[in-house]
Protein chains: 2
Amino acid sequence: MTQKKSTEKKGLDYGMLPGLAGYQLRLAQIAIFRDFSEALGEYDVTPGLFGILVIIEANAGLKQTELARAAHLDRSTVVSVIDNLERRSLVERRAAENDRRSNSLVLTADGAALLKKLKRRVVDHEKRLVEHLTEEERGTLVTLLQKIFPEHR
Amino acid sequence: MTQKKSTEKKGLDYGMLPGLAGYQLRLAQIAIFRDFSEALGEYDVTPGLFGILVIIEANAGLKQTELARAAHLDRSTVVSVIDNLERRSLVERRAAENDRRSNSLVLTADGAALLKKLKRRVVDHEKRLVEHLTEEERGTLVTLLQKIFPEHR
DNA sequence: TATTGTTATACTCTATAACTATA
DNA sequence: TATAGTTATAGAGTATAACAATA
């Protein structure tokens, strides 16, 4: 009931959707995923995988269950993710000290080298992403999002 | 290299992730999806399905291909989505006028009635979502997201 | 008993390619 | 030739449940 020019030919009416933060978040997510994949396409690394590599690098030796919690994944899902990264020689499962049930996850040299390249791409991607925003707006956006999901206390 | 208190026991280091708008968007998305599903759980409607119902309501008679473009889905994906909604008697495929290849999509009476209920839930969900934001911050957030993904020109 | 990693399995969402009927 | 919808198929990404080894 907001827009009147309906018989114009192309533009559909999105109803209440554009006013919903949840919907805008969803759209932004889609745009981001596509640009991210394009930017890192040749390396076959999704946003999720990138995040996992960063977390392993920043917490060398962490256990699979810890990674699961950090990445909001089930333990069983982490198994296949690490299988994947280990197959590609980016990550290694090491025997953990003190607990023979656990694995300690570390980046291999290859993994660390790749991550370095990925980070540069991601920074470029991030710039593209917010290129229509001023530096201040970008900061505001991150702050507002953190308020919605206060994970990093 | 930003945080120092690493041996504290629980809190992992997220490296560069928290500063990335793309990452915060991703986290917010996860939180939203979970709360949305919980809010509409008994109706078995995802954020995506909700959006599709809204678009069909706001553009009664639109064709499947038009819906595909609007919802960023492939034509073939729309087929199963509409199969699903039609099976649940929420949407109807009608013969389109002027073109016997196309279907015209409309909400059924049941679909319209359900959507009315869903909208109330979604408004509540949205309130919860942004409850840590002021009204002004909420407006700012939507505006900033629209700038990232300027779909609604 | 509880926890870690694993397996087997399945479900959702999505896309690609080839087909059909119309245009 | 081109387009609308469909089918068959496949691939991510994810979860649940049950299990063996270890705590």
Side-chain angles (χ1 to χ4, degrees), chain A residues 10 26-27 29-34 36-38 40-41 43-53 56 61-88 91-106, chain B residues 10 26-27 29-34 36-38 40-41 43-52 56 59 61-88 91-106:
Chain A
K10 210 46 177 284
R26 202 179 133 76
L27 289 187
Q29 183 74 17
I30 292 172
I32 286 167
F33 193 93
R34 296 207 169 135
F36 192 103
S37 300
E38 215 169 299
L40 307 202
Y43 297 118
D44 198 25
V45 173
T46 59
L49 276 190
F50 174 74
I52 282 170
L53 290 174
I56 295 177
L62 85 169
K63 314 292 183 294
Q64 290 183 199
T65 298
E66 292 171 337
L67 176 58
R69 264 199 306 275
H72 305 97
L73 295 174
D74 189 83
R75 271 150 53 229
S76 67
T77 304
V78 167
V79 173
S80 18
V81 169
I82 300 299
D83 281 352
N84 172 358
L85 295 175
E86 207 169 35
R87 216 178 303 122
R88 293 155 71 176
V91 166
E92 215 181 297
R93 284 171 166 105
R94 296 217 180 126
E97 306 173 348
N98 307 328
D99 188 341
R100 287 188 302 172
R101 295 172 304 183
S102 310
N103 296 324
S104 271
L105 303 174
V106 289
Chain B
K10 208 50 177 280
R26 201 178 134 76
L27 288 188
Q29 182 76 17
I30 291 172
I32 286 167
F33 194 92
R34 295 205 170 139
F36 192 102
S37 300
E38 215 168 298
L40 307 201
Y43 297 117
D44 198 25
V45 173
T46 58
L49 275 190
F50 173 75
I52 281 170
I56 294 177
N59 305 274
L62 86 167
K63 315 291 184 291
Q64 291 183 199
T65 298
E66 292 170 337
L67 176 58
R69 265 199 305 274
H72 306 94
L73 296 173
D74 188 82
R75 272 148 56 230
S76 67
T77 304
V78 167
V79 173
S80 18
V81 169
I82 300 300
D83 281 351
N84 173 357
L85 295 175
E86 206 170 36
R87 217 178 304 122
R88 294 156 70 176
V91 166
E92 216 182 296
R93 285 172 165 103
R94 296 219 179 124
E97 306 172 349
N98 307 329
D99 188 342
R100 287 187 302 170
R101 294 173 302 181
S102 310
N103 296 325
S104 271
L105 302 175
V106 288

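What you see is a predicted model; the values in this text were computed from it and never measured. Every heavy atom of this structure was used, including side-chain atoms; hydrogens, water molecules and symmetry mates were not. Residue numbers start from 1 in every chain, and the chains themselves are labelled A, B, ... in the order their sequence lines are given, proteins ahead of strands.
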Asks: Roughly how many Å is it from NE2 in A:His72 to C1' in D:dG13, rounded to a whole number?
Replies: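 In whole Å, D:dG13 C1' lies 16 Å from A:His72 NE2.
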
Asks: Return the set of residues passing salt bridge (charged side-chain N to carboxylate O under 4.0 Å, His left out) with B:Arg101 (not counting sequence neighbours), or none when no residue passes.
Replies: B:Asp99

Asks: How long is the line joining CZ of B:Arg94 and P of D:dG5, in whole Å?
Replies: 16 Å

Asks: Could you give the CZ-to-P distance, from B:Arg93 to D:dG5, as a whole number of Å?
Replies: 9 Å

Asks: Of A:Thr77 and B:Gln64, whose closest DNA chain D nucleotide lies nearer the 5' terminus?
Replies: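 Result: B:Gln64.
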
Asks: So, is A:Thr46 near the phosphate of D:dG13, with a side-chain N or O under 4.0 Å from OP1 or OP2?
Replies: yes

Asks: Which nucleotide of DNA chain C is the first, and which the last, in the 5' to 3' direction, to come under 4.0 Å of a heavy atom belonging to chain B?
Replies: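 Extent of the interface on DNA chain C: C:dC13 to C:dA23.
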
Asks: Relative to the 5' end of DNA chain C, which residue comes earlier, A:Asp74 or A:Arg26, by the nucleotide with the nearest heavy atom?
Replies: A:Asp74

Asks: Please enumerate all residues that pass side-chain contact (heavy atoms from CB on, under 4.5 Å) together with A:Val79, with sequence neighbours excluded.
Replies: A:Gln64, A:Asp83, A:Arg93

Asks: Considering non-hydrogen atoms only, spot the tightest contact between A:Arg26 and B:Gly48 and give its length.
Replies: NH2-CA, 3.5 Å

Asks: Who are the salt bridge (charged side-chain N to carboxylate O under 4.0 Å, His left out) partners of A:Arg88, not counting sequence neighbours?
Replies: none

Asks: Distances under 3.5 Å only, N/O to N/O: pair up the protein atoms with those of nucleotides 18-23 of chain D.
Replies:
residue : atom : partner  : partner atom : Å
D:dA23  : OP1  : A:Arg100 : N            : 2.7

Asks: Output the rounded distance in Å from CD1 (A:Ile30) to P (D:dA12).
Replies: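 Atom-to-atom, A:Ile30 to D:dA12, this comes out as 20 Å.
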
Asks: Does B:Ser76 reach a base, just sugar-phosphate, or nothing at all? Heavy atoms under 4.0 Å.
Replies: base

Asks: Rounded off to whole Å, could you give me the CZ-to-P distance for the B:Phe33 and D:dT14 pair?
Replies: 12 Å

Asks: Report the residues that fulfil side-chain contact (heavy atoms from CB on, under 4.5 Å) with A:Thr46, sequence neighbours left out, ordered by chain and then residue number.
Replies: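 Checked A:Thr46 against side-chain contact (heavy atoms from CB on, under 4.5 Å); matches are A:Phe33, A:Leu49.
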
Asks: Could you pull out all residues at least two apart from B:Ser76 that satisfy side chain to side chain donor-acceptor pair (under 3.5 Å)?
Replies: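 Testing B:Ser76 for side chain to side chain donor-acceptor pair (under 3.5 Å), a comparison that skips the adjacent residues, returns B:Asp74.
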
Asks: Who are the side-chain contact (heavy atoms from CB on, under 4.5 Å) partners of A:Ile32, not counting sequence neighbours?
Replies: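 Listed in chain order: A:His125, A:Leu129, B:Leu25.
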
Asks: What's the closest nucleotide to the B:Thr65 side chain, out of D:dA4, D:dT14, D:dT6?
Replies: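 Nearest listed nucleotide: D:dA4.
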
